[in-house]
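Inspection log for the structure reproduced underneath, given as structure tokens.
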Amino acid sequence: MDGAYDFAFTERKWQEKWRKGNTDRVDLRFAQRPFYNLMMFPYPSAEGLHVGNMFAFVGSDIQGRFHRMNGYDVFEPMGFDAFGIHSENYAIKKRNHPSKLTPKNIRYFRDEQLKRIGNMYDWSHELDTTDPAYYRWTQWIFTQLYKAGLAYRAKGLVNWCPSCKTVLADEQVIEGECERCSNDVTKRETEQWFLRITEFAEPLLNNLSTLDWSDKTRTAQRNWIGRSEGASIRFRPENGRDSLDVFTTRPDTLFGVTFMVLAPEHPLLDRITLPAVRPALEQYRTEVGKMTEVERQSASAAKTGMFTGAFAVNPANDERVPIWTSDYALMSYGTGAIMAVPAHDQRDFEFAQIFGLKIREVISPDGRSRVLEEAYTDSGVLINSGKFDGLGNADAARAIVQWLKEKNKAEFRVNYRLRDWCVSRQRYWGPPIPMIYCGGCGVLPVPDEDLPVLLPKIEHYMPDGSGKSPLGRDPEFYRTTCPKCGGPARRETDVSDNMLCSAWYFYRYPSTNCRERPFDSEMTRKWLPVDLYVGGNEHAVLHLLYSRFLCMALKRIGIIDFEEPFKKFVANGIIVREGAKMSKSKGNVIDPNDYMNRHGTDAFRVYLAFMGNYLVGGDFRDSGVKGMHGFLKRVWKAFQPGGPEDNAPLDSETAYWLHHTIKHVTDGIQRFSYNTAISRLMELLNHVSRDGVQKRSVSEAFIKLLSPFAPHICEELWEQWGHRRSVFDCSWPEYSDNLAIRASVEYVIQINGKVRAKINMERGLSEKEIDTHWQSNPAVTRWIEGRRIIRKVFVPDKLLNIVVK
Ligand code: ANZ
Ligand code: ZN
């Protein structure tokens, strides 16, 4: 074997060998210790995978390889989330048909990019959500949800561009404007399909504490679900027989209500608003319709609103309070109406100041009244609250609701911010929602045996401005017969959000061969829930929440017997390039293949692992990949057999380095702290290079430790040391804790040359570290007290002499 490190040759050779030997396939049925190593599958829509995707994927593969060497049967599948608005928009941009473009994109992703990165994907279980053999089951799941009462059709507010006359997804609304024409986007009420995720709000929230997930992800879900304990309280508009319910978390402040605020969309406004102000109301509604909820909730936005001319009666004290409408009240939360308490709610306070409304203090820290500069939101005792005066506010909250409850004017209530999931899309590139409308029989799911409802290939798939689903223009598609009465019927022409396709794909991977069912029960029992899931935290409240919901729903329906799909979830960090966020508009997105061509896949992988903490991310520097190529060249030189070999037992210093490295690399991988693991390997390499002598045990351990990061070069070196089995079928090196710390040495501490103490300490400590030891040792410090240290003489691993005056 000649000395030069030829990464191109090595990488080609091993990828070929792995493929031919099916090294990356596990026998799913007979696996003894299944470990399902899942990473989020990509949308094959953009120009290709970028460095950030590779960062995430490689980090996940390191876990897969590590677990495999630790005795697990690791299943690492990959597939394509190829339906959806991302793919459709990309096709529109490229003026190509998504049914043509998607397979092309998948081919590039898989054959040119994913197959080069050296991850141990089992391609025999690849899936593609646009394959009818897959979406047949996405549709089947929809009908199951419908039959279980978990899918329903209702009016919902969607984004609407009046100039393009089309519905837009939230992602297509940029600061309130249409992404394509820059006109203001409004809200429009249309019929949509919803999945009843709110039914599971409680378990979705409660189970979070049992999951081994990144904290930031759990927090994001917790906030999104947004549980609030409080009460609903019934006010009564003065004119008419309506009632006006509000949701409040602060019933203790009920006597401080000085006005009410209804969301501009609130239906009651149509009945109570005085005729004279109706035109103004309509105008205000139009203004507000242009804003997104995010903008409406922004604390810094100027408060706007108007008085309806109507009044309501406070059930606590029969006081008349004016009814206003303002955009800061959201129709989608609680009841869409607020009892405003400006003294104790900052938004109400600002609103009251702008419009000159009364402010009445009802909670005080010391029972006395004050002049408020801002809302007082802390706890205190009640004042100005009739018979409740003097009570602490937590007690008062309960007492007031209890009191009104007896008069049927209040209920204790828990409210969730979570809303039902709107899954219908008036677009083309998705699985048709499998429902049928019959004049006589009503709404019916497509029978199982008629699935899939194939997405027809239509030329004019683009939104045409009518806001209706493109499939609604294809009579051949929507004309059908009723499965019940056989009469003429019409198909649903909306397609479902691709988030539904991706909410169940991980059940399918182990069962890609299963034809009769979405997933084989034996496989599912064996491989699910997923052991480790890695992906971006941007999906914290979309994909990850939808998947959890669907799991609970499938359990309720009786299809599976667990309710959490991912035992462990780890959110990978975000990387930037040369200090700047990577984006197409900045022109700093580089095809990862460029790096792999120039410096090799292994160098690229090791650099991705080394550039920063995996959970945090880091700054990708082009020079770093090159540097890693240099590191691998040194590895090659130091660990290729054939140098002067010495097989005597390890000296204690080398034993220390070896065991210390194994311990810290193992620990680093377990903590996803890949950068520290690689630093330890670099230190071991330095030690070995200084030594100049090859020891088989050290070389072999090093090769194994580096192999999850740099699989190709390590396989090659492993083979050169005479092994026939893949290094990934060998076991992870073991260490001994005793050897992983340096032998201790006895330090002599002298004061002015006289021995005052002897301390046992780890070898190799610095003078500073020794200082911290004697500074807490009275046997030494009492000779120094009141004197001045003039200098110190330090002999590493032996002695410290402190000269004092
Ligand atoms: C009176 C009150 C007094 C309130 C007070 C707060 C403080 P969370 O915690 O997020 O659940 N609210 C209720 N429905 C609303 C809606 N549709 N749009 C905007 N705000 C709404 O918030 C609950 C509080 O948010 C409720 O309690 C209500 O204001 C407001 F000193 O009622 B509170
Ligand atoms: Zn019918």
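Start at 1 and go down the list; that is how both ligands and their atoms are numbered. Heads up: numbering here begins at 1 and tracks the sequence.
- For atom 6 (C) of ligand 1, the closest heavy atom belonging to the protein is D345 OD2, 3.3 Å.
- Not a single heavy atom of M331 lies less than 4.0 angstrom from ligand 1.
- For the pair T248/I338, no side-chain contact is recorded, criterion being any heavy-atom separation below 4.5 Å from C-beta on.
- Figure legend: cation-pi geometry between K407 and W403, with NZ or CZ positioned under 6.0 Å from the six-membered ring centre and within 45° of its axis.
- Ranking the protein heavy atoms by distance from atom 25 (O) of ligand 1 puts R347 NH2, 3.5 Å first.
- Comparing T335, T249, V341 by heavy-atom distance to atom 27 (O) of ligand 1, the nearest is T249.
- By the 3.5 Å distance cut-off applied to N or O atoms, Y333 is counted among the residues near ligand 1.
- Remark: ligand 1 and R417 share an N or O pair separated by less than 3.5 Å (distance only, no angle test).
- Ligand 1 does not have N415 within reach: every non-hydrogen atom of the residue lies 4.0 Å or more from it.
- Below 30°, between 30° and 60°, or above 60°: for H543 and Y533 the angle between ring planes is above 60°, a perpendicular geometry.
- Cation-pi contact between R347 and Y328: absent, since separation from the ring centre below 6.0 Å together with deviation from the ring axis within 45° is not met.
- Within the 4.0 Å heavy-atom criterion, the part of I338 lying near ligand 1 is the side chain and not the backbone.
- For an aromatic pair to be called close, the ring centres must be under 6.0 Å apart, and Y546 with W421 satisfies this.
- Contact atoms of ligand 1 toward H344: 5 (C), 7 (C), 31 (F) (distance under 4.0 Å to a heavy atom of the residue).
- Counting heavy atoms closer than 4.0 Å to ligand 1, residue T248 contributes atoms from both its backbone and its side chain.
- Near A329, meaning under 4.0 Å from one of its heavy atoms, ligand 1 places the atoms 18 (N), 19 (C).
- Within the 4.5 Å cutoff, side-chain heavy atoms of R556 are placed close to those of F200.
- Every atom of ligand 1 is numbered from 1 in the order shown, and the set under 4.0 Å from a heavy atom of T253 is 3 (C), 31 (F).
- Using a 4.0 Å cutoff on heavy atoms, S228 counts as a contact of ligand 1.
- Near M339, the atoms of ligand 1 lying under 4.0 angstrom from a non-hydrogen atom of the residue are 1 (C), 32 (O).
- Ranking the protein heavy atoms by distance from atom 18 (N) of ligand 1 puts L330 N, 2.9 Å first.
- Using a 4.0 Å cut-off to heavy atoms of F247, the atoms of ligand 1 that qualify are 11 (O), 13 (C), 26 (C), 28 (C).
- With a 6.0 Å cutoff to the six-membered ring centre and a 45° limit on the axis angle, R417 counts as a cation-pi contact of Y333.
- Cation-pi contact between R196 and Y152: present, with separation from the ring centre below 6.0 Å and deviation from the ring axis of at most 45°.
- Note: F259 and W324 have perpendicular aromatic rings, judged against thresholds of 30 and 60 degrees for the angle between ring planes.
- Residue-ligand proximity, Y328 to ligand 1, at heavy-atom distances under 4.0 Å covers atoms 18 (N), 19 (C).
- Ring pair F142/Y146: centre-to-centre distance not below 6.0 Å.
- The closest donor-acceptor contact from the side chain of R236 to the backbone of N314 lies at 3.5 Å or more, if one exists at all.
- A263 does not count as a contact of ligand 1, since none of its heavy atoms falls under 4.0 Å from the ligand.
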